[in-house]
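Numbers restart at 1 for each chain; the letters A, B, ... are given by sequence-line order, proteins then strands.
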Amino acid sequence: MENNKPNHFIHDIIDADLKAKKYASKVHTRFPPEPNGYLHIGHAKSICLNFGIADKYKGTCNLRFDDTNPLKESDEYVQSIIADVEWLGYDIKNNILYASDYFDIFYEHAITLIKAGKAYVDDQSAELIKSTRGSLSAPGINSPFRDRAIEENLTLFKNMKSGQYANGEKVLRAKIDMSSPNLNMRDPIMYRIIHANHHRTGDKWCIYPMYDWAHGLEDSIEGITHSICTLEFEDHRPLYDWYLSQLKVHHPQQIEFARLDLDYTVMSKRKLKELVDNKHVDGWSDPRMPTISGLRNRGYSPDAIKMFCEKIGVAKRNNIIEYALLEYCVREDLNKKAMRVMAVLDPIKLIIDNYPDDTSEDLIADNNPENENDGTRLIPFSKELWIEKSDFMEDAPKKYFRLSPGKEVRLKHAYYVTCTKVVKDDTGRVIAIHCNYDPNSKGGWTDDGRKVRGTLHWVSVKHAVNAEVRLYDRLFTVDKPLDTKKHNNFIDTINPNSLHIIQNCKVEPSLNMIDFKQYYQFLRTGYFCFDSQSNAEKLIFNRTSTLRDSWKNP
RNA sequence: UGGGGGAUCGUUCAAUGGUAGGACACAUGGUUUUGGUCCAUGGGAUUGGGGUUCGACUCCCUAUCCCCCAGCCA
């Protein structure tokens, strides 16, 4: 297989490092989520990037939980993240790591820094620390506790660890430069006191490391070579570098790239959590959510998501990818994989007057014209069929290929039929359509050169199975829900019609849950999958996406 | 405002001093037992102004615009 995956600036950096024999010519990356929510498609970009690099350079990629804040994290999130990464297809069984496993090491390193006179215990309140940090243009003010004796710092820090102080009473700070133009360097906090139960370490600790202090050490301990993160950490890099060089430990290279943003959705864990908590969606895995588990329930394949992550590229400029590209990727992938079936979403009865009353016959249908190996199946055909309401028009425009009075169409895999008359109710609404079929067109073809433009899908009335179908639309009505210049609150821009449930859809009998398939294409209507709530008694399908539709009703 | 980043077709990624190219989107044809797929064609961009150079998206100067940072979040 040729490797024509696009190259990007991070590859260039790694190539240069390899050439310079930096890091003993090995490549080790990591994907470091905080378990404080479910993974979304933006994380998928990072996962594909980091695991992709490990793969390309024959290195390793760790899944590492950055679990340094017990207040926001939970095991539920840990489990969902592991499941999502594995579902995407990355083998992490032997590479699941936790920052919390390094807490003892972090602590020892902190002692080292204190002993070197590079860290101190500060008694100031959070408010005071904030107010003495200065501003974007004004320098900060040194804490009165900044020049405490090393021995005193050591004692105080040990007391912090042993639980002698309340939350917020003291912090450990790095002694750097309160007048640095980079706010991150103004004596950043290394440890804060949080008396809380941690999902892995329980009550062992009541001091927890801050991100900047912990992250570089995590990378260093694991022997990471290239620590890839998003743009907002760019001005944290000097601090990342400062800690590691003070401690003279293995020093990975931090590289920043632009995170993924998608139009017509939101992509921050906080915002997604708000949608979940306020019940705007049915949990993190709602098929409308841009979460990995949401996309999975929606019927997206791992390959489609990976293809998407490759196509969007990796660069440093802020970007908003069009949702259309994601849809292109599912269609592209599912076109090759999906089993073609017939399902009528909005049924109307079609009666074939010249077809025998009490017979039915099994017709051969190919499962996927894109892949002959997928074989064929039999579909029952009889006198009364369900067809799609939108496939009939009494007064049809010229370019309408479907059924209308006097016109002949093909019933897919079956016969040609010609519409003879319609039946209406008292209000004039069409409730049934009558037609005649051509017995010589069995299989949907004749050799007489007849041109039959329209092809309809159908389901035999007496063999049809009822199903519920859930149609999804974009979750938001605007392309940038978070544009505060246009919208006060992104919640206001939620699409009230993002979920449309239809009952009594008629599907072909092969669609029971006994012969379960992962991906379906309902012929002419879209890609679908079984909903996780679906069972043999009640079939429920989710629409993954529509098919492309070049037909424009004039 | 101090600091850190960034600006190329509608969107996104490339071009690393040498023909501005790909993908998606859009448009128009063709094929078709899915108005799907597939195939072909087309329109469409270097933020502005100077400079260096035989030659500039690329280097220099200047202006403008956008993003990030003042959590004991990550």
For a quick check of understanding: with a heavy-atom distance under 4.0 Å over all strands, which category does [X] fall into, base, sugar-phosphate or nothing?
X	answer
Arg410(A)	base
Ile321(A)	sugar-phosphate
Asp12(A)	base
Lys336(A)	nothing
Ile129(A)	base
Leu325(A)	sugar-phosphate

Query - Inter-nucleotide P distance (rA7(B), rG55(B)), Å rounded - result: 26 Å
**Report entry** Nearest-angstrom distance, P atom, rG44(B) to rG10(B)
**Finding:** 10 Å
Report task. Could you tell me whether the side chain of Glu256(A) has a donor or acceptor atom within less than 3.5 Å of a complementary atom in the base of rG5(B)? Result -> no
Query - Over 12 non-hydrogen atoms of neighbours within 6.0 angstrom of CZ in Arg259(A) - result: no
Query - Other residues, nucleotides, ligands: >12 heavy atoms within 6.0 Å of Lys273(A) NZ - result: no
Requested in this report: Using a 4.0 Å cut-off on protein heavy atoms (strictly under), produce a 5'-to-3' string for nucleotides 35-42 of chain B with B for base contact, S for backbone-only sugar-phosphate contact, and - for none.
Outcome: BBBS----
Query - Straight-line distance of Gln164(A) CD to Ile193(A) CD1, nearest 0.5 Å - result: 10.0 Å
Requested in this report: May I ask you to decide if the ring planes of Phe65(A) and Tyr98(A) are parallel, tilted or perpendicular, using 30° and 60° as cut-offs?
Outcome: parallel
Query raised in the report: Parallel, tilted or perpendicular: which describes the rings of His215(A) and Tyr240(A), with under 30° parallel and over 60° perpendicular?
Result: tilted
Query raised in the report: Do Arg410(A)'s NZ or CZ and the ring of Tyr416(A) fall within the cation-pi criteria of under 6.0 Å and 45°?
Result: no
Query - Val452(A) vs Thr68(A), nearer the 5' end of RNA chain B by closest nucleotide - result: Val452(A)
Query - With Asp187(A), the side-chain hydrogen bond (donor to acceptor under 3.5 Å, both in side chains) member among Arg146(A), Lys175(A), Arg173(A) - result: Arg146(A)
**Report entry** Identity of whatever pairs with rU37(B) - Watson-Crick or G-U, under 3.5 angstrom
**Finding:** none
**Report entry** Any Arg192(A) side-chain nitrogen or oxygen under 4.0 Å from OP1 or OP2 of rC73(B)
**Finding:** yes
Report task. Please work out whether rG71(B) sits syn or anti, treating a glycosidic angle within 90° of 0 as syn. Result -> syn
